[in-house]
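Take a look at the structure set out below.
Position 1 is the first residue of the sequence, and the numbers go up from there. Both counts, for ligands and for their atoms, begin at 1 and track the order of listing.
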Amino acid sequence: MTDVTCRPLRDDERAWAIDVLTAWWGGPTVAGRGQVWDLHEVPGIVAEAGGERVGLVTYSVEGDRCEIVTMNAFVKGAGGPLLRAVAEVAREAGCDRLQVMTTNDNANAIRFYQRHGMRFAALRVGAVDEARRTLKPQIPEIGNDGIPIRDEIDFVMGLR
Ligand SMILES: CC(C)(COP(=O)(O)OP(=O)(O)OC[C@H]1O[C@@H](n2cnc3c(N)ncnc32)[C@H](O)[C@@H]1OP(=O)(O)O)[C@@H](O)C(=O)NCCC(=O)NCCS
């Protein structure tokens, strides 16, 4: 893959982003930590390589924290640049930390976030079961590698 560059998601790309993220995450909302984010509202960063969009991260600045809402590399190698780009945006926005929630089945994400400098911060056993019951019934029962999706795992990285 040629060099990956990152830039803000443009307003005229929002419909594309919603389509892509709805296909990945089962709807235009993301539930985590007992909260729901609307993907129509969160800002995003697009990764490009060779004139093609190769990844997308969306995020939410909440006081001194920045939450990664979605992270998708459409080709291998786009994730790292996107993570560095969102960390930079968060730092510029005055955030002290970058955080992200993933699920117990997502071994790729658990490896990815640690490889790129994030650390385990919390494990909420049964939190996905609760979110499926109360916030987002579309969350599938079974995730990657046939693993039941049940628990939330937080990763955090300090930005100072
Ligand atoms: C998790 C995810 C974002 C990781 O993204 P990624 O681009 O694969 O991660 P990295 O940037 O670390 O790159 C991964 C591999 O590509 C390699 N790579 C890096 N730059 C590269 C490049 N320019 N060209 C080719 N390969 C490259 C890395 O060395 C690494 O290889 P290795 O695992 O064999 O060592 C991605 O797997 C993904 O989108 N998953 C589906 C959605 C998801 O689960 N998101 C997280 C939700 S919380």
Query raised in the report: Pairs in or reaching into residues 95-133: which pass ring pair (Phe, Tyr, Trp, His ring centres under 6.0 Å), with residues at least two apart or in two chains?
Result: F112-H116, Y113-F155, F120-F155
Report summary line: For R33, the side chain to side chain donor-acceptor pair (under 3.5 Å) test, sequence neighbours excluded, returns E67, D154
Query raised in the report: Should the pair E13-R53 be classified as a salt bridge under the 4.0 Å nitrogen-to-oxygen rule?
Result: yes
Query raised in the report: Is R132 salt-bridged to D129, cutoff N-O under 4.0 Å?
Result: yes
Report summary line: Close residues (non-hydrogen atom under 4.0 angstrom from ligand 1) work out to M1, W24, W25, M71, N72, A73, V75, K76, G77, A78, G79, G80, M101, T102, N106, A109, F112, Y113, R115, H116
Requested in this report: Report yes if some heavy atom in the side chain of E48 is under 4.5 Å from a heavy atom in the side chain of V4; otherwise report no.
Outcome: no
Query raised in the report: Under the ring pair (Phe, Tyr, Trp, His ring centres under 6.0 Å) rule, what pairs show up with a residue in residues 51-79, not counting sequence neighbours?
Result: none
